[in-house]
2 protein chains.
Amino acid sequence: MSVNGATTSGELRAHNRVRLLRAVHDGGSAATRSRLTRELRLARGTASVLVAGLAEDELLHEEPAPEHGRGRPTQVPGPHPRGPLALAADVREDAWELAACELGGRVTVLDVRPHDGTPEGALVPLGEAVAAHTSRLGHRVIGVGVALAGPVRFGGLADIAHLGWRSVDVPALLGLPRPAPGAGADGVTLGNDTAFAALAEARRGRLRDVRVGLHLHVDFDLGGVLVVEGRPLGGASGTGAEFGHMPLDASRPIRDRPCMCGATGCWGMDVGANALLRHAGLEYGGGRGREQAERVLATSEEAVAACAAALGRGIAALVNAHDPEVVTLSGHGPELAERAGETLLRACEPRLMAIRRDHPPRIEGSALGWRGALLGAMESVFDVFLTPEGLERWRKTILTRVPTRPAGEM
Amino acid sequence: MSVNGATTSGELRAHNRVRLLRAVHDGGSAATRSRLTRELRLARGTASVLVAGLAEDELLHEEPAPEHGRGRPTQVPGPHPRGPLALAADVREDAWELAACELGGRVTVLDVRPHDGTPEGALVPLGEAVAAHTSRLGHRVIGVGVALAGPVRFGGLADIAHLGWRSVDVPALLGLPRPAPGAGADGVTLGNDTAFAALAEARRGRLRDVRVGLHLHVDFDLGGVLVVEGRPLGGASGTGAEFGHMPLDASRPIRDRPCMCGATGCWGMDVGANALLRHAGLEYGGGRGREQAERVLATSEEAVAACAAALGRGIAALVNAHDPEVVTLSGHGPELAERAGETLLRACEPRLMAIRRDHPPRIEGSALGWRGALLGAMESVFDVFLTPEGLERWRKTILTRVPTRPAGEM
DNA sequence: ATATTATGCTCTAGCCGTGAACAAAAGCCT
DNA sequence: AGGCTTTTGTTCACGGCTAGAGCATAATAT
């Protein structure tokens with residue numbers, strides 16, 4: 001995203017290749033070539049050359065459009081059958097999921113496995129699965145994106161307070177190269193599930209085309225990020241997305257209680273599966289009790305209301321500060337909003353600044369459900385790939401794979 | 001900023017003109033041509049053509065560099081004597097200041113006047129001054145930027161709770177065209193002083209080249225914004241920068257007290273001139289009492305400590321959430337930090353997440369002092385101007401002003 | 001079957017940045 | 001002082017890129 005401008009005429013071509021491929025990807029490879037040509041304001045001739053080049057590089061493959069208008073039928077550019085694949089993994093507190101994703105966003109789940117919540121128990125088998133699929137799929141794998149249930153610093157160190165993970169060296173346990181600062185270099189991207197869910201929401205969900213949005217992810221604890229112009233704000237060391245660890249008008253019992261993160265009175269202590277279990281008087285922590293929490297969510301009016309009210313109070317504070325256009329909820333968030341929407345709004349509205357009350361932001365459930373984090377991990381891999389540098393690397397591997405054209409070809 | 005890429009070869013030229021002019025402006029017209037050529041990675045020939053074109057358009061004017069190295073001496077491109085000027089105004093609670101700013105950032109103060117704090121009393125005379133200077137300076141005026149002490153919605157409606165301004169139609173009172181959503185259209189940009197101070201800090205202060213920074217502006221009340229990649233985040237309707245209106249662990253007496261903004265327990269109620277006056281038992285509100293507040297700041301250890309502690313508590317919360325690299329303070333902020341830095345840090349540190357404590361962000365005073373808001377207003381005008389569209393408009397006015405070249409010229 | 005319409009392909013014109021060769025203008029060395 | 005070195009500015013031939021026009025193509029509408 002935000003591919004910054006070409007400077008020389010040589011870079012123009014690379015820049016336009018990226019634009020076209022990005023448009024295909026973002027459109028879920030559903031847009032027709034004529035439509036892409038129009039939307040990207042390309043001349044038909046230019047589009048022709050670009051598509052031909054991308055097809056030759058095994059990035060795109062055109063098929064006839066299923067529906068016709070009046071004139072000559074157009075083609076639909078989609079992923080090439082030998083084209084790039086992004087591996088994406090979502091590591092939750094009690095299980096992980098691994099998938100292969102084509103350009104355009106089609107997801108094929110490769111593996112789902114429960115784990116014991118320890119760094120080794122979760123990550124070593126995942127690393128083995130990644131290695132197996134990578135060697136099976138060969139050069140087509142352009143990178144691996146991994147979503148984790150807590151902050152990951154740029155080096156790849158993860159801290160998941162409520163699981164007791166402290167400075168866990170994720171790349172080492174996975175057996176993957178360490179991602180470089182900025183954007184993961186060799187195609188390895190690690191990130192917070194909240195940030196990834198927000199990224200997916202920005203690309204394929206309710207935050208699409210929204211300039212400023214707020215995304216909140218409710219799982220065992222609560223994560224939140226601001227999404228600006230299609231990108232979640234990652235922070236200076238890659239560990240933004242921690243809105244849950246602000247003391248936002250905490251409820252009385254929580255206000256002075258230490259949070260596992262090391263701070264006090266964190267908002268997130270009042271929202272999420274752990275909070276539901278606490279309200280119901282059950283044991284909580286350590287990433288255990290997903291089923292019990294879901295039962296509480298389904299049955300305990302009171303626990304749900306307490307969570308929803310806390311959620312609403314915090315949302316008001318964040319809306320005051322950031323003025324988002326939309327607030328989206330993922331994880332357990334949509335269910336909280338559905339089961340206790342009134343409570344949520346009654347907690348939120350009076351805490352808004354007067355000038356926000358006229359046009360409060362919409363509060364919406366995610367369009368992607370629990371799939372958000374996985375899809376965001378995919379997007380983060382394609383974000384590295386869909387750049388002039390990424391495509392150039394791919395072109396080189398293709399060229400070495402097929403060193404010369406078949407003899408008879410012109 | 002973030003001029004998005006050229007697509008056609010024609011746009012390349014426009015894009016590079018912008019890049020060069022932006023580099024001159026951001027460098028305070030101190031960089032030599034040879035250095036600019038290197039830094040922008042232009043061929044010397046290209047730079048030659050670009051500079052010549054910009055000089056012909058009366059945008060740039062080269063003068064010999066004062067210092068020489070070994071080889072042929074280079075030139076320093078600076079503002080053209082008939083070049084563009086940005087008018088910038090800073091409207092504070094009790095006075096306003098109007099200045100003309102050249103490309104490169106040189107500021108000439110045109111007028112300073114106290115006012116009575118009412119919308120009419122403040123804005124009508126300012127509008128008259130703007131009109132007078134605009135007609136005097138003619139086509140050179142490319143826009144007017146106005147900083148106000150509170151949020152301004154995109155249409156131009158200002159709400160300054162602590163002055164009792166509600167939906168004040170700023171463009172109407174100033175007699176200026178209404179700015180369009182997004183970026184002010186005809187060169188009129190209105191904004192929050194906090195956001196503008198942050199913008200200036202990002203371009204010419206301590207947030208330069210910082211990816212994620214947090215800027216806090218302490219005046220009568222407290223404003224705060226996140227600065228990401230050189231731009232303060234404006235929110236969906238232009239009214240972001242309101243970190244002061246989150247209930248961040250407010251001190252006991254404030255916690256349940258209504259804020260003038262309409263919410264409850266706002267952080268800003270504990271930090272700023274109004275809070276100082278309140279701590280000292282003096283009357284406060286309505287933008288009055290700047291001198292008394294300064295006296296309290298200079299003399300009352302206790303009031304200063306209370307403010308600094310509240311500031312530190314809030315900073316901790318924001319650092320947890322956003323992971324900034326630097327926190328900068330403007331307005332009274334630097335003095336608070338200087339007079340009670342220990343108190344501030346002692347309030348901040350224990351409230352940080354454990355993972356933030358290893359590398360907490362630097363907390364620094366602004367490099368621009370009280371000038372920040374004015375400079376930011378200037379930058380916002382140049383941000384609209386330093387685009388392909390802005391430069392094209394300027395070129396057209398120059399062409400109509402000098403319709404044909406002198407006869408003898410080739 | 002023919003006209004209409006929208007799309008894809010091919011080719012030329014025009015613009016742009018590159019990079020090399022050359023000119024210019026200083027400092028440095030003898 | 002005079003020649004050498006170093007750095008910068010200027011000019012120009014060259015290759016690359018996109019635009020746009022003209023033509024070919026393949027469907028629908030009449």
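Side chains included, hydrogens not; waters and symmetry mates left out as well; all remaining heavy atoms used. Protein chains get the first letters and strands the later ones, always in sequence-line order, with residue 1 at the start of each.
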Within 6.0 angstrom of A:Arg106 CZ, more than 12 heavy atoms from elsewhere:
no
Taking [atom1] from [X] and [atom2] from [N], how many angstroms apart are they, rounded to a whole number?
X	N	atom1	atom2	answer
B:Leu12	D:dG15	CG	C1'	14 Å
A:Leu50	C:dC9	CG	P	12 Å
B:Glu63	D:dG9	CD	P	15 Å
A:Leu20	D:dT18	CG	P	11 Å
B:Arg17	C:dC16	CZ	P	10 Å
A:His15	D:dG16	NE2	C1'	17 Å
A:Arg44	C:dC11	CZ	P	16 Å

Hey, does the side-chain of B:Arg72 have a donor or acceptor N/O within less than 3.5 Å of a partner on the base of D:dT8?
yes
Between [options], which nucleotide has the shortest distance from any of its atoms to the side chain of [X]?
X	options	answer
B:Ser48	D:dC17, D:dG9, C:dA25	D:dG9
A:Thr8	D:dT18, D:dG9, C:dT18	C:dT18
B:Thr74	D:dG9, D:dT18, C:dG8	D:dG9

Between the side chain of B:Arg140 and the main-chain N/O of B:Gly83, is any donor-acceptor distance below 3.5 Å?
yes
Would you find a donor on one side and an acceptor on the other, under 3.5 Å apart, between the side chain of A:Glu201 and the backbone of A:Ala367?
yes
Does [X] put a side-chain nitrogen or oxygen below 4.0 Å from OP1 or OP2 of [N]?
X	N	answer
B:Arg13	C:dG17	yes
A:Arg33	C:dA6	no
B:Ser34	D:dT8	yes
B:Asn16	C:dG17	yes

Under 3.5 Å, is there a donor on one side chain and an acceptor on the other for A:Asn16 and A:Arg13?
no
May I ask you to say what [X] touches in the nucleic acid, namely base, sugar-phosphate or nothing, with a heavy-atom cut-off under 4.0 Å?
X	answer
B:Arg70	base
A:Thr37	nothing
A:Arg35	nothing
A:Arg38	sugar-phosphate

Short N-O contact, A:Arg19 and A:Asp26, less than 4.0 angstrom
no
Distance (rounded to the nearest 0.5 Å) between B:Glu39 CD and B:Thr32 OG1
8.5 Å
Would you kindly compare A:Gly71 and A:Arg41 by the position of their nearest DNA chain D nucleotide and give the one closer to the 5′ end?
A:Arg41
Hey, which sits more toward the 5' end of DNA chain C by its nearest nucleotide, B:Ala43 or A:Gly45?
A:Gly45
